[in-house]
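Sequence positions, counted from 1, serve as the residue numbers for this chain.
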Amino acid sequence: MNARSLFAIAAAVCAVGLILFMLVGRAKVDTDVDVIMVNEIVKITEGHWAHLEPSDYGGIRLPFVIVDAAGKPVYETSAGLFTTMNDAVKHNSTIVDIIIDRQIAGKAIVMNDYKQAIESIMDRLTWAVGIAFVLLAAMCGFYTVWLNQAIFRPFKRLQSFAAHVARGNLDIPLHMGKNNPFGAFTESFDLMRDQLAAARQSEYEANRSKKELVASLSHDIKTPVASIKAVSELMLVKAEDDKTTRQLKTIYSKAEQIHLLITDMFHATMEEMTELTVTVSEQSSGMLQEMFMNADYEGRVHCEPIPPCLVLMDADRLQQVVDNVISNAYKYASTAVTIRSECKDGHLAVSIMDYGPGVDADELPLLFNKFYRGTNVQGQSGTGLGLFISRYFMKNMQGEMECYSRSDGFTVVLRLMLAG
C-alpha cells in the first residue's frame, strides 16, 4: 500500500462519515399530529357529544382527551393523560375547539409523542456514530500496517544493513521493495556498499600483489645467496693467507646474514598470503635442461637426456620448484644428484634423486605441510615452506609432485602434463 492508496481510503472514510451525518441531520421524524386524524376526532366528538363512547373512536390511534367548556374531562383514551390547558400547552399538545350549535362546547386535546421521536433520532445518530467509528478504526488499522510496511520495516532493514557494513560484511545487498518511499535513499546506501566492496577488493589485490612480489623475490634471492655461501666456503678451504681468509669469512657471514633476513621476510609474507599467481602455457621440455643447470651451483647435478615433448608449465614458477628441490638435496643430503625423466600416462615424469639418508616413512606425508620441517634437518636453517610452495605451483600447472625414500637415497618426482 502506497501513500496514494492510503489517501484514497482516508477520503472514502471521510465521505461516508459525512454522508451518514447528513442523512441523520436531514432525517425528519414525523412529530406533527395527523391533521386528518385530528379532524376526524373533532367530527366524531361533535356528532356524538351527548354520549361519547369508545366504540365511536374505533379507527383512532392517537391518544387524546375531550374536555367540556368548564375544563372538565368528558372522555379519555387512556388514564394518566393530562387534562388541563396549562399541561397541554407545556407539552405542545394540539388543542382544537369542539363547536356545537356555533358555540364552543369543549376542546379536544391531542397528545404529541415527542419522546418517541427523540428516541428515534438518537437511534439513528448512534448507528451513524458507530459506523463512522468502525470505519475510522479500519482506517487506523490500514494506516498502521502501511506505516510498518513503508516506514518501520525499511528502517529495520537499513539498521541491519548498517550492522553488516560495520562488521565488514559487504556481500549482503540492501533489498528495496515496491513503492518504497525511501527508494533513492536506500539505493544510495546500496551503491555505497558496492563502492566499499570494490575499494576493499582493489586494496586486497594491491596488497596481495605486493606480498606476492616480496615472497617471490625473497625466495628467488635465496638461491644466489646460497651460491655465494658455497663459493666462499670453497675459497676458504683454498685460502693461503690471513687477509684473504678474513675477507672470505666476512663475505660468508654477510651472505648468511642476508639469508636470515630474507628468510624472516619470506616467512612473514607467506603467513599472510593465500595464493601465488601461476600462468600456464605450452613449453618445450628442452627448457628443463637449462633449469637444472641454473640450479646446479655446486656442479653435482647429472641430468640424463630428457624426452623431447611439449608440456604445460609456467617457466618462472617451475624454475623456483627446481631450485627448491636441488637446494634441499645439497642442504640435507650433500651428495650428487641424478635426474631421470620419461613420458608416462600423459605426463612427463622428472625424478630428482639424491643419495643421502632419506626421510622416515611416517614423515613423508607431512613434508608438503606449511612450515613443517623433518627431524633430519641437523641444525640447517629453513622455513618449512619450500616444498609447500613447490607443490602449490605444480598443482596450479596441472601437474603433480611427490616424494619417497629409496634404500640408497631420496627421490622427488615432478609430473608435468603433456600438451594436447
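Judged purely by atom type and a 3.5 angstrom limit, Asn294 uses its side chain to pair as donor or acceptor with the backbone of Glu290.
The heavy-atom pair separating Ser285 from Pro308 by the smallest distance is OG-CA, 3.4 Å. The two residues Tyr332 and Pro357 come nearest to each other via the heavy atoms O-CD, 4.1 Å.
Counted by atom type alone, Tyr75 and Thr45 present zero donor-acceptor pairs between their side chains at under 3.5 Å. Side chains of Ser327 and Asn324: no donor on one and acceptor on the other come within 3.5 Å. Thr335 and Asp354 are not linked by any side-chain donor-acceptor pair at a separation below 3.5 angstrom, with hydrogens and angles left out of the test. Remark: the Gln283 side chain and the Ser281 side chain contain an N/O donor-acceptor pair separated by less than 3.5 Å.
Residue Glu240 qualifies as open at atom CD: its count of foreign heavy atoms under 6.0 Å is 12 or below.
The side-chain heavy atoms of Leu387 and Asn328, taken from C-beta on, include a pair separated by under 4.5 Å.
Here the CD atom belonging to Glu40 is positioned 4.0 Å from the CD1 atom belonging to Ile44, to the nearest 0.5 angstrom.
Taking a cutoff of 4.0 Å between a charged side-chain nitrogen and a carboxylate oxygen, Arg406 and Asp408 qualify as a salt bridge. For Glu402 and Arg391, the salt-bridge test fails: no basic side-chain N is under 4.0 Å from an acidic carboxylate O.
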Inset, instruction - Please report the C-alpha distance between Phe410 and Tyr404 in whole Å, then the side-chain angles of each, then the deciding distance to 0.1 Å, and finally whether the ring pair (Phe, Tyr, Trp, His ring centres under 6.0 Å) criterion is met. - result: CA-CA 6 Å; Phe410 186 72; Tyr404 58 89; 7.8 Å; no
